[in-house]
Amino acid sequence: MKYWLFKSEPETFGIDHLIKRPKQTEQWDGVRNYQARNMLRDDIKIGDKAFFYHSNCTPPGIVGMIDIVKASYPDTTAFNPESKYYDPKSTPDNPRWFMVDVHFIKKFDRIISLEELKQHPLLENMVVARRGSRLSITPVTAEEWKTIIAMRK
DNA sequence: GCCAACGTTGGC
DNA sequence: GCCAACGTTGGC
């Protein structure tokens with residue numbers, strides 16, 4: 001099993017939105033970056049766990065935990081001209097973008113802020129904490145996962 | 001709202 | 001295939 005970090009803007013789709021979804025499950029759609037796409041398509045499997053990270057807010061940070069309940073399948077928002085994620089170059093026969101289904105596990109009692117992540121000696125190489133890190137999906141090592149779990153109270 | 005960092009596009 | 005111009009992300 002692998003660990004990940006999924007970024008989302010709380011105004012658009014935050015952890016509270018996920019909690020209210022049927023079965024507390026939602027498609028993680030709209031990823032339009034090739035590096036993130038490759039991870040979604042090739043590496044992220046059922047049973048993997050991820051931190052839910054709120055970006056573009058004050059403060060940015062980790063707010064909870066999710067797991068993957070359905071592995072890679074074509075992102076159907078790319079086929080829909082009405083969608084803001086529409087991409088005419090992605091077709092059902094030759095899909096360019098992929099998504100997974102994520103399921104709520106828990107919301108932490110507090111936000112573990114980006115600043116805190118950056119300050120922790122065991123997390124200094126964590127991808128999301130690196131300068132200029134813009135990837136919406138990043139890998140998390142088992143050690144980083146354990147460290148962050150221990151910080152949450 | 002600014003802007004650094006980074007990804008993508010397209011002319012050549 | 002290079003790289004300048006442009007667009008986006010997201011912390012601050």
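The analysis underlying the following values was restricted to heavy atoms, covering all of them including side chains, and did not include hydrogens, waters or symmetry mates. Just so you know, these numbers come straight off a predicted model, no measurement behind them. Proteins get letters first, then strands, A, B, ... in listed order; numbering begins at 1 in each.
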Enquirer: Among residues 82-94 of chain A, which ones have heavy-atom contacts with DNA chain B below 4.0 Å?
Expert: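 Nothing qualifies; none.
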Enquirer: Mark up nucleotides 4-12 of chain C, 5' to 3', with B wherever a protein heavy atom is under 4.0 angstrom from a base atom, S wherever such an atom reaches only the sugar-phosphate, and - elsewhere.
Expert: ---BBBBSS
Enquirer: So which pairs with a foot in residues 128-153 of chain A pass ring-ring contact (aromatic ring centres under 6.0 Å, His included), sequence neighbours left out?
Expert: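 Every pair satisfying ring-ring contact (aromatic ring centres under 6.0 Å, His included) with a residue in residues 128-153 of chain A: A/Y3-A/W145, A/F51-A/W145.
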Enquirer: Once side-chain hydrogen bond (donor to acceptor under 3.5 Å, both in side chains) is applied, what residue pairs with a partner in residues 123-132 of chain A remain, sequence neighbours excluded?
Expert: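 Matches after skipping sequence neighbours: none remain.
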Enquirer: Could you list the residues that satisfy ring pair (Phe, Tyr, Trp, His ring centres under 6.0 Å) with A/F6, not counting sequence neighbours?
Expert: A/W28
Enquirer: Residues in salt bridge (charged side-chain N to carboxylate O under 4.0 Å, His left out) with A/D109, at least two apart?
Expert: A/K153
Enquirer: Using the ring-ring contact (aromatic ring centres under 6.0 Å, His included) rule, collect all pairs that involve residues 109-143 of chain A, keeping only residues at least two apart or in two chains.
Expert: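 Checked against ring-ring contact (aromatic ring centres under 6.0 Å, His included) - neighbours excluded - no pair reaches residues 109-143 of chain A.
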Enquirer: Which residues satisfy the ring pair (Phe, Tyr, Trp, His ring centres under 6.0 Å) test with A/W97, sequence neighbours excluded?
Expert: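 Once residues adjacent in sequence are excluded, the partners of A/W97 under the ring pair (Phe, Tyr, Trp, His ring centres under 6.0 Å) criterion are A/Y34.
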Enquirer: Scan residues 64-87 of chain A for pairs that pass ring-ring contact (aromatic ring centres under 6.0 Å, His included), counting only residues two or more places apart or in two chains.
Expert: none
